[in-house]
Visitor: 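Below is one structure. I have some questions about it.
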Amino acid sequence: MSLLELDDVKVHFPVKKGLFFDRTVGHVYAVDGVSLSIEAGQTYGLVGESGCGKTTLGRAVLRLNDITDGGVVFDGTDLAKLPGEDMRAFRRRLQMVFQDPLGSLNPRQNIESILSEGMAAHGIGKDQAERREKIKDILAKVGLPSNALSRYPHEFSGGQRQRIGIARALVLEPDVIICDEPVSALDVSVQAQVINLLEELQESLGLTYLVIAHDLAVVRHISDVIGVMYLGGLVEEAPSDALYAKPRHPYTKALMSAVPVPDPEVEDRRERILLHGDLPSPANPPAGCRFHTRCPWVQETKCATERPPLLDTGDGHKVACHFTAEIEAGTVKQTLATGIEAVTGTETVAAEAVEVSEGETEPEVPAADAPEKAPVTVPAQADADAKETEAKAADAEKTEAKASDATDVKKETADATEEASDATEKAEGSPKA
């Protein structure tokens, strides 16, 4: 019997509405029927894109999220049916390393207080002195000095805080540790240190890991078995090497094609699978296969009506797809594009929909024969143009009026000058011959 077994686990969050009386109007199907098993000493990697339900599933194992339906059997005991006090005792054997190390550590407590709190709650150590010695041993295993006991979380780097989170889980001597994105917030060099530390601790202490991550390279390095989640359910499960060598589910193939290969020649030759559309909402998941709205090999039969079970196809490779064998044999044709057309296809469909909504379009005319069309103006633009034209006409009238006045002034001045000249001649008399 496996150390940890999940049987058709479901975690649904109610969607409530109402000002005075809350009424449930729907559910968010965060986890919807996940079954898996983890052997003692094994590392199980859980991958998938953001929002597929990985973290919710990990928290449900610890009962940090309520389980709607299904069973979580740990060492022969169904945790989903345990009352609160009994579950609290089992949590000593099940621990979690959270994604955000700073957010999971109390900023008002020093490291000794943080690590000894769980030990005191579970009765580990006779007194504080004995607990302090045990904490020093654990800190040495995770690569931290003993003088870290009196320091606070903000005084450490991100990698050191993650080591403190691992130490907090180890002080309770657990059997299973759930690592939720343990290295996603760390630098690449620090990621390697933390991953190597987890492997060393597993070998020395016989730990069992459930590693939740979206970095496929990290999961491949540390995991024995990998499960791929999509929209609340498992779509594929296989040993690590087999899954990376030959993925069988269309979604897993798309995920693997996104992993860069550090060889330019291989990178240029391999196929890059691009999917249509976006991830559907978990509050309104599609009927039938959850992936059929984006699957390049979607068929008219079964895909939209029947949800495929996770079946073993041989060598421990499990796939949830109606047409796995047909896709591998090439007898099923690809129905959706997987190249750049998958990216531009949505825009084309949207443009066509707009044209249809606006009515029938005019037939295309060759560019040479097409008559010149006046620029189209919106009402606001037409009003602005009319006002501008009126203003220009008014300015032209004013300019013309000023020019006319200036001409009249010049004429009056010339007439006055001529009259003055005649008067002068008369006063002086006629000129001599």
Visitor: Check whether more than 12 heavy atoms from other residues, nucleotides or ligands sit under 6.0 Å from atom NZ of Lys16, and answer yes or no.
Guide: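 Yes.
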Visitor: Is it true that Arg248 and Glu328 have a side-chain N and a carboxylate O under 4.0 angstrom from each other?
Guide: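 Judged by the 4.0 Å cut-off on N to carboxylate O distance, Arg248 and Glu328 do form a salt bridge.
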Visitor: Using modelled atom types only, decide if a donor and an acceptor are shared between the side chain of His292 and the backbone of Cys289 within a distance under 3.5 Å.
Guide: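 It does hold such a pair.
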Visitor: For a 4.5 angstrom cut-off between non-hydrogen side-chain atoms, does Phe90 reach Leu79?
Guide: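 Phe90 vs Leu79: side chains touch.
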Visitor: Do Val176 and Leu207 come within less than 4.5 Å of each other through their side chains, counting heavy atoms only?
Guide: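 Heavy-atom side-chain distance check fails, nothing below 4.5 Å.
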Visitor: Do Tyr230 and Pro280 make a side-chain contact, defined as non-hydrogen atoms from C-beta onward lying under 4.5 Å apart?
Guide: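 Yes, close enough: below the 4.5 Å cut-off.
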Visitor: Between Lys134 and Ile124, is a side-chain contact (heavy atoms from CB on, under 4.5 Å) present by the stated rule, with each step listed?
Guide: CA-CA 10 Å; Lys134 182 176 178 60; Ile124 300 175; 4.3 Å; yes
Visitor: With Pro285 as reference, evaluate Thr293, Leu231, Val28 under the side chain to side chain contact (heavy atoms under 4.5 Å, CB included) test and give the passing residue.
Guide: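 It is Leu231; the other options fail the test.
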Visitor: Roughly how far, to the nearest 0.5 Å, is the CG atom of Leu36 from the CG atom of Leu210?
Guide: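 Answer for the CG-CG pair, Leu210 versus Leu36, is 7.5 Å.
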Visitor: Considering non-hydrogen atoms only, spot the tightest contact between Ile177 and Ala169 and give its length.
Guide: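 Closest heavy-atom pair between Ile177 and Ala169: CD1-CB, 4.3 Å.
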Visitor: Heavy atoms only: give me the nearest Thr24-Pro14 pair and the separation to one decimal.
Guide: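 The answer is CG2-CB, 4.0 Å.
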Visitor: Heavy-atom count check: over 12 atoms from other residues, nucleotides or ligands less than 6.0 Å from Asn106 CG?
Guide: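 Correct, the count exceeds 12.
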Visitor: Ser2 vs Glu39, test: side-chain hydrogen bond (donor to acceptor under 3.5 Å, both in side chains). Steps then yes/no.
Guide: CA-CA 5 Å; Ser2 302; Glu39 304 295 332; 2.7 Å; yes
Visitor: Taking the basic N atoms (NZ, or NE/NH1/NH2) and the acidic carboxylate oxygens, is any pair closer than 4.0 Å for Lys318 and Asp312?
Guide: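 Salt bridge absent between Lys318 and Asp312.
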Visitor: Crowded around Lys302 NZ? As in, over 12 foreign heavy atoms under 6.0 Å?
Guide: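 Incorrect, the count does not exceed 12.
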Visitor: For the residue pair Arg63 and Arg91, establish whether any side-chain heavy-atom pair is separated by less than 4.5 Å.
Guide: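 Yes - at least one pair of side-chain heavy atoms lies under 4.5 Å apart.
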Visitor: Closest approach of Lys54 and Glu181, non-hydrogen atoms and distance?
Guide: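 Minimum heavy-atom contact is CE-OE2, 4.3 Å.
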Visitor: Can you label the angle between the His12 ring and the Tyr29 ring as parallel, tilted or perpendicular, going by 30° and 60°?
Guide: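 Taking Tyr29 first and then His12, their aromatic rings stand perpendicular (interplane angle over 60°).
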Visitor: Can you give me the closest heavy-atom contact between Asp278 and Arg294, atom names plus distance?
Guide: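 Heavy atoms of Asp278 and Arg294 come nearest at O-CD, 3.5 Å.
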Visitor: Could you check whether any side-chain N or O of Glu117 sits under 3.5 Å from a backbone N or O of Ile114, counting only pairs where one atom can act as donor and the other as acceptor?
Guide: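 Not at all, since once roles are kept as given, no pair shorter than 3.5 Å links the two residues.
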Visitor: Any luck finding a side-chain donor-acceptor pair between Glu199 and Tyr209 under 3.5 Å?
Guide: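 Result is no, nothing qualifies.
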Visitor: Ignoring hydrogens and geometry, is there a side-chain-to-backbone donor-acceptor pair from Asp187 to Val190 under 3.5 Å?
Guide: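 Not at all, since once roles are kept as given, no pair shorter than 3.5 Å links the two residues.
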Visitor: Leu46 versus Val228: any side-chain heavy-atom pair under 4.5 Å?
Guide: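 In short, these two side chains do not touch, never coming nearer than 4.5 Å.
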Visitor: Quick check against the 3.5 Å criterion: does Thr208 have a side-chain atom that pairs as donor or acceptor with the backbone of Ala40?
Guide: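 No, because the side chain of Thr208 does not come within donor-acceptor range (under 3.5 Å) of the backbone of Ala40.
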Visitor: Give a yes or no answer on whether the side chain of Ser204 reaches the backbone of Glu200 with a donor-acceptor pair at less than 3.5 Å.
Guide: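 Such a contact is found between Ser204 side chain and Glu200 backbone.
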Visitor: Might you confirm whether atom CG of Asp315 has over 12 heavy atoms from other residues, nucleotides or ligands at distances under 6.0 Å?
Guide: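 Result for CG/Asp315: open.
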Visitor: Any donor and acceptor pair, going by atom type alone, linking the side chain of Thr56 with main-chain N or O of Gly53 inside 3.5 Å?
Guide: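 Side chain of Thr56 to backbone of Gly53: no pair is present.
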Visitor: Might you work through the side-chain contact (heavy atoms from CB on, under 4.5 Å) test for Leu310 and Val319, ending with a clear yes or no?
Guide: CA-CA 5 Å; Leu310 190 69; Val319 186; 5.5 Å; no
Visitor: Kindly compute the distance separating CZ (Arg59) from OG1 (Thr55), expressed to the nearest 0.5 Å.
Guide: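 Spacing of CZ (Arg59) from OG1 (Thr55) equals 8.5 Å.
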Visitor: Would you please test Asp241 and Lys246 for salt bridge (charged side-chain N to carboxylate O under 4.0 Å, His left out) and show each step?
Guide: CA-CA 9 Å; Asp241 293 336; Lys246 192 176 182 180; over 6 Å; no
Visitor: Keeping Glu130 on the side-chain end and Lys126 on the backbone end, is there a donor-acceptor pair under 3.5 Å?
Guide: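 At least one qualifying donor-acceptor pair exists.
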Visitor: Going by distance alone, is a donor N or O of one side chain under 3.5 Å from an acceptor N or O of the other, for Gln95 and Arg168?
Guide: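 No.
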Visitor: Run the side-chain contact (heavy atoms from CB on, under 4.5 Å) check on Val9 and Val72 step by step: do they pass?
Guide: CA-CA 7 Å; Val9 174; Val72 178; 4.0 Å; yes
Visitor: Please determine whether the number of non-hydrogen atoms from other residues, nucleotides or ligands lying under 6.0 Å from atom CZ of Arg88 exceeds 12.
Guide: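 Atom CZ in Arg88 is not packed in, count stays at 12 or less.
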Visitor: Which of these, Arg290, Lys10, His27, sits in a side-chain hydrogen bond (donor to acceptor under 3.5 Å, both in side chains) with Asp32?
Guide: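 Among Arg290, Lys10, His27, the one meeting side-chain hydrogen bond (donor to acceptor under 3.5 Å, both in side chains) with Asp32 is Arg290.
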Visitor: Please assess Glu112 against Gln128 for the test side-chain hydrogen bond (donor to acceptor under 3.5 Å, both in side chains), listing each intermediate value before the final yes or no.
Guide: CA-CA 10 Å; Glu112 181 179 359; Gln128 187 61 27; 3.1 Å; yes
Visitor: Taking the side chain from Asp224 and the backbone from Thr43, do they hold a donor-acceptor pair closer than 3.5 Å?
Guide: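 Yes; at least one donor-acceptor contact below 3.5 Å.
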Visitor: Minimum heavy-atom separation for Leu105 and Arg161, please, with both atom names.
Guide: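 Closest pair (atom of Leu105, atom of Arg161, distance): CD1-O, 4.1 Å.
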Visitor: Taking Arg92 first and then Glu173, would you say they form a salt bridge - that is, a charged N and a carboxylate O separated by under 4.0 Å?
Guide: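 Salt bridge: yes.
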Visitor: How many angstroms lie between atom NE2 of His249 and atom CD1 of Ile327, to the nearest 0.5 angstrom?
Guide: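 So the NE2 of His249 and the CD1 of Ile327 are separated by 8.0 Å.
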Visitor: For residues Ala217 and Tyr244, report the shortest heavy-atom separation together with the two atoms involved.
Guide: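 That would be N-OH, 4.2 Å.
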Visitor: To the nearest 0.5 Å, what is the distance between CZ on Arg151 and CD1 on Ile164?
Guide: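 One gets 8.0 Å once the value is rounded to the nearest 0.5 Å.
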Visitor: What is the distance from atom SG of Cys179 to atom CG of Leu198, rounded to the nearest 0.5 Å?
Guide: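 Between atom SG of Cys179 and atom CG of Leu198 there are 5.0 Å.
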Visitor: Please tell me if the side chains of Phe98 and Gln162 come closer than 4.5 Å, counting only heavy atoms from C-beta onward.
Guide: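 Answer no - side chains too far apart.
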Visitor: Under the side-chain hydrogen bond (donor to acceptor under 3.5 Å, both in side chains) criterion, do Glu236 and His317 qualify, and how do the steps go?
Guide: CA-CA 8 Å; Glu236 188 165 2; His317 204 137; 2.4 Å; yes
Visitor: Can you measure from CD1 (Ile273) to CG (Leu255) and round to the nearest 0.5 angstrom?
Guide: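 CG of Leu255 is found 10.0 Å from CD1 of Ile273.
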Visitor: Any donor and acceptor pair, going by atom type alone, linking the side chain of Ser104 with main-chain N or O of Pro101 inside 3.5 Å?
Guide: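 It does hold such a pair.
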Visitor: Got a donor-acceptor contact below 3.5 angstrom from the Asp86 side chain to the Leu82 backbone?
Guide: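 No; zero donor-acceptor contacts below 3.5 Å.
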Visitor: Is any side-chain heavy atom of Cys295 closer than 4.5 Å to one of Cys303?
Guide: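 No, every pair of side-chain atoms sits at 4.5 Å or beyond.
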Visitor: Apply side-chain contact (heavy atoms from CB on, under 4.5 Å) to Ile135 and Leu139, showing your working.
Guide: CA-CA 6 Å; Ile135 290 172; Leu139 289 179; 4.1 Å; yes
Visitor: Taking the side chain as every heavy atom from C-beta outward, state whether Val47 and His214 have any atom pair closer than 4.5 Å.
Guide: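 Val47 vs His214: side chains apart.
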